[in-house]
Structures are given as structure tokens and as C-alpha cells.
Amino acid sequence: MGQPVPTPVTVLGLGVMGSALAAAFVKAGHPTTVWNRTPGKDAELIAAGARGADSVETAVAAGDLVVACLFDHASVHETLDPVTGILAGRDLVNLTSTEPAGARELADWAARHRIPFLDGGIMATPPMIGQPGSALLYSGSAEVFDRHRQTLELLGSAEYFGAEPGKASLVDFALLSGMYVMFAGFYHGAAMVRSAGMSAAEFALRAEALLGAVLSTLPAAGEQIDSGDYSVPFQNLNFTKAAVDAIVSASREAGVDLDIIGPVKNLIDRQVAAGYGHESSERMFESLHPPARPAG
Ligand code: FVH
């Protein structure tokens, strides 16, 4: 039996990320057609073996799998609304960063136009595409995911989160929120130590070591949050409150704004005021008024 014929892929959007995606498909031998709104961004890809299309219509017509990697939700509609007739029956994977509600809206739009649709979130930077550590999250049509799983794995590990089209985007944004808040905490610390003459670069080495070490406690924290039982503390809220109050005071002394650490103190204070000081610090999660735990 011969090798399976590689799926013809179309990539719409040749920004830094779209170009990296297209390059991964070309490298793996997929017939790859590329299109970009502003001409001239396809030269390297064409030199590597891609076919450049001068219109969205031509590009879409060339692909069994159409990957959109555009600026935002509005640019996806601007690009695809005029070509729904040609897209009908072709598999569309949207890798443009789109909010969950936007992903659901696109899924409804696609269903109305008979376009099998999968939404995706990219947990990687452009140079990471196709390299170990690149991860892409998908939700929407299981059929599209199953049909193209091997092709999608060329970009990074491919994880499917189910038929609800907004779920991959929700997980994507939840992960990014953790990342941004962690970096903001680093910026706060760097501002504090600057008052004593330490550079951010020097502080970063220490922060990297500490944060790297404590990250391994996340799975246990997640399990405790899911259980809803905070009665056995790893570190109790009274202890954490004393530490964060001291950080607030040291920050004031260093002349650093409390915009980042202040809300953390508020989360703790609300639980302590409610009488939970002897329970685990993970209880500050409850200050966020999370929705009820899923059954099971
Ligand atoms: N770059 C990254 O690290 C992140 C990683 C996580 C996921 N994001 C998302 O990927 C989408 C594309 O990101 P990008 O880095 O390729 O972005 P740019 O280099 O700015 O390229 C944007 C492309 O979108 C085209 N475009 C913009 N507006 C329109 C429009 N109205 N109609 C058609 N195309 C449009 C733009 O074309 P041009 O300006 O060259 O004509 C670029 O091809 C994005 O959702 C990230 O959040 C990347």
C-alpha cells in the first residue's frame, strides 16, 4: 500500500504566526496554498514550495483543509464572509485568537453555511511551531479534528476539548490569564528590588528559580480546589495574610504601587474575615465567586 496523499492545505493570513503554520505544512510535504490581504508576504513560502494565491477565492478553492490565522474575529468574517459558497464542504480550522463567544458565533455561522468547523487556540510562539513544547487546543467538530489530527500535529501537540466550540478558547484564555498574572507578579517584585539597586535581570534569575520550584505544587492545589475541602492546609490563610500584609507594607516603603499585590490581599482578607483563617490558602479561589463545581 502506498503512502497516504497529503491533504491540500490553505493558510489564510501570513502574519508571523500564519507564516510559521504554513511553513510547517510545506516542510511536511502538504500541497500548501497561501494568501495574505497585503501582497508580498508569501515570497519565502513560495520559495520553499508553497503556492501563492492572489485572491481568497482561489486560495480557499485549493484547500481541503482551510486554516485561518488572521488578526481577530472581525478580520475572519471580513475575509471569509464573501467566500462561504466556496468554503461549503471544506474543513475550516480557525487559529485566530477568538473569545469563546466569538468561537461559538463562528461555529453557528459555519453551520449555517455547511462549513465543517473547528476552533483552535495556539499555546506557542511562532518559532515554537512544529517544535517540542508547542501545544494547540481545539474544540468544535470532532469529525474535522479526527480527519486532520495528523496534519494538525505538525504544528504542535493537538488536544481536543469537545464539541462546545468555545471551550478551547476558554482554556486558552484561562492559561494566558495565569501567565499574565504571574508575569505581573514578577514585575511587582522587580519594582520593589529596584528601590534597593537590584536590576530586573538579576532579580529575574532568583524569580525563575523560585517560581520554577513552586509550580510543581499546582496539581495538588488544583485537587484541593476541586474537592472544595480546604480544611487540611498546605499553608493556612492566616500565615499567608501575614506574609502578604508584610509585602504590602514593604511595597509602600519602596514606593511601589499596589495595583498588583493589593487585589491579592483583598482575596485573602475576604476569606479571613469570613472566618476561614485556619483553612488552606487555596481557599482564596472562593473569593472569585467561581461557578458551582461540575458534578462527578
Ligand atoms: N504571534 C504570537 O505569538 C501569537 C501566539 C498565540 C496566537 N496568536 C494569534 O494568532 C493570530 C495571528 O497572529 P500573528 O502573530 O500572525 O499576527 P500578525 O503578525 O499581526 O498578523 C496578522 C495577520 O492578519 C491579517 N489581517 C489583519 N486584519 C485583516 C483583515 N481585516 N482582513 C484580512 N486579513 C487581515 C494581516 O494581514 P496584513 O496586515 O499583512 O494585510 C496579517 O496577515 C492572532 O489572532 C493572534 O492573537 C499569535
Side-chain angles (χ1 to χ4, degrees), residues 9-26 32-46 48 50-61 63 65-84 86-87 92-107 109-110 115 117-140 152-159 161 165-183:
V9 182
T10 288
V11 177
L12 304 174
L14 300 179
V16 279
M17 183 52 88
S19 298
L21 304 177
F25 294 132
V26 172
T32 305
T33 302
V34 295
W35 171 87
N36 194 63
R37 176 183 61 173
T38 307
K41 289 195 178 175
D42 54 6
E44 265 187 47
L45 287 161
I46 290 172
R51 175 181 163 215
D54 55 11
S55 70
V56 189
E57 290 82 352
T58 314
V60 169
L65 168 63
V66 177
V67 175
C69 188
L70 299 162
F71 181 64
D72 60 6
H73 184 69
S75 54
V76 174
H77 272 302
E78 204 173 305
T79 304
L80 298 183
D81 282 354
V83 295
T84 49
I86 310 172
L87 261 177
L92 173 64
V93 176
N94 176 43
L95 294 180
T96 310
S97 294
T98 308
E99 289 174 28
R104 287 191 289 273
E105 187 281 327
L106 269 178
W109 165 91
I115 303 164
F117 177 76
L118 189 65
D119 196 72
I122 305 174
M123 311 309 298
T125 58
M128 289 168 68
I129 293 300
Q131 304 297 320
S134 169
L136 286 87
L137 321 178
Y138 297 95
S139 56
L152 297 173
E153 294 270 7
L154 294 168
L155 309 175
S157 68
E159 191 174 359
F161 284 88
K167 186 152 180 196
S169 162
L170 181 72
V171 177
D172 177 349
F173 286 144
L175 287 167
L176 291 179
S177 83
M179 183 187 80
Y180 283 123
V181 174
M182 185 185 76
F183 272 94

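Side-chain atoms are counted along with the backbone in the values below, which use heavy atoms only and exclude waters and symmetry mates. In each ligand, atom 1 is the first atom listed, and ligand 1 is the first ligand listed.
Shown in contact with Leu70 at under 4.0 Å from a heavy atom are these atoms of ligand 1, numbered in order with element: 11 (C), 12 (C), 24 (O), 34 (N), 44 (C), 45 (O). In the vicinity of Leu14, heavy-atom distances shorter than 4.0 Å reach the ligand 1 atoms 43 (O). Annotation for ligand 1: atoms under 4.0 Å from non-hydrogen atoms of Gly18 are 16 (O).
The nearest protein heavy atom to atom 17 (O) of ligand 1 is not closer than 4.0 Å.
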| task | Show your reasoning for whether side chain to side chain donor-acceptor pair (under 3.5 Å) applies to Asp172 and Ser169. | result | CA-CA 5 Å; Asp172 177 349; Ser169 162; 6.0 Å; no

| request: Could you please spell out the steps behind the side-chain contact (heavy atoms from CB on, under 4.5 Å) verdict for Phe71 and Thr96? | output: CA-CA 6 Å; Phe71 181 64; Thr96 310; 5.9 Å; no

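Atom 47 (O) of ligand 1 has Ser97 OG, 2.8 Å as its closest protein atom, hydrogens excluded (heavy atom only). In this structure, the protein non-hydrogen atom closest to atom 38 (P) of ligand 1 is Thr38 OG1, 3.5 Å. The protein non-hydrogen atom at the shortest distance from atom 24 (O) of ligand 1 is Phe71 N, 3.1 Å. Residue, atom and distance of the protein heavy atom nearest to atom 40 (O) of ligand 1 are Lys41 NZ, 2.6 Å. The nearest heavy-atom contact from the protein to atom 10 (O) of ligand 1 is Cys69 SG, 3.7 Å. In terms of protein heavy atoms, atom 5 (C) of ligand 1 is closest to Ala124 O, 3.2 Å.
At least one heavy atom of Asn36 sits closer than 4.0 Å to an atom of ligand 1. Between Ser19 and ligand 1 there is no heavy-atom distance shorter than 4.0 Å.
Between the side chains of Asp81 and Trp109, at least one donor N or O lies within less than 3.5 Å of an accepting N or O. A side-chain donor-acceptor contact under 3.5 Å links Glu105 and His77.
Note that CG of Asp119 and OG of Ser139 are 6.0 Å apart. Values are rounded to the nearest 0.5 Å.
Counting heavy-atom neighbours within 6.0 Å of Glu153 CD, excluding the residue itself, gives a total above 12.
Contact annotation for Met17 and ligand 1: heavy atoms of both the backbone and the side chain come within less than 4.0 Å of the ligand.
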